[in-house]
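One structure is given below, encoded as structure tokens.
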Amino acid sequence: MQEPTTIVYSPQHVIVLVIVLVLTVVALVQVWRQNNTMPTAGKVVWTAVIIILVGVGPVVWYCWRLGDRLLNSKILKGPRSRRSGS
């Protein structure tokens, strides 16, 4: 009969796990704290994406949020047209 093998976790494994969990919790808090920008159905979808894709979900959320902020910022908006006339 074989002896059961034990899995040895190094401190680096624990650190990565903690970082992933922290990013996941922060992403979920950010999703649900948005008041006016996203309907509840969108929040539920993002929550499912973040939970199902634990490693990738928070990264996708942060990329989407960054893109949304860039699109709404003054950096990417073109110069305002000036009205000529009276």
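Nothing here was measured: the structure is a model prediction, and the numbers come from that model.
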Do the side chains of Thr24 and Val20 get nearer than 4.5 Å, heavy atoms only? yes
Single-linkage hydrophobic cluster, 4.5 Å side-chain cutoff, Val25 and Ile51 together: no
Linking I/L/V/M/F/W/Y whenever their side-chain heavy atoms sit closer than 4.5 Å, directly or via other members, would Val26 and Leu17 fall into one cluster? no
For residues 43-58, the side chain to side chain donor-acceptor pair (under 3.5 Å) pairs (sequence neighbours left out) are Trp32-Thr47
Verify same cluster id: Tyr62, Val29 (apolar side-chain graph, 4.5 Å): no
Rounded to the nearest 0.5 Å, how far apart are OG of Ser10 and CD1 of Ile15? 8.0 Å
Heavy atoms, side chains only, cut-off 4.5 Å: are Val60 and Leu53 in contact? no
Do Val44 and Leu28 belong to the same hydrophobic cluster, where Ile, Leu, Val, Met, Phe, Trp and Tyr are linked whenever their side-chain heavy atoms lie under 4.5 Å apart, directly or via other members? yes
I need the Leu70 CG to Arg65 CZ distance, nearest 0.5 Å. 11.5 Å
Carefully, step by step, assess Leu23 and Ile19 under the rule side chain to side chain contact (heavy atoms under 4.5 Å, CB included). CA-CA 6 Å; Leu23 287 175; Ile19 289 171; 4.1 Å; yes
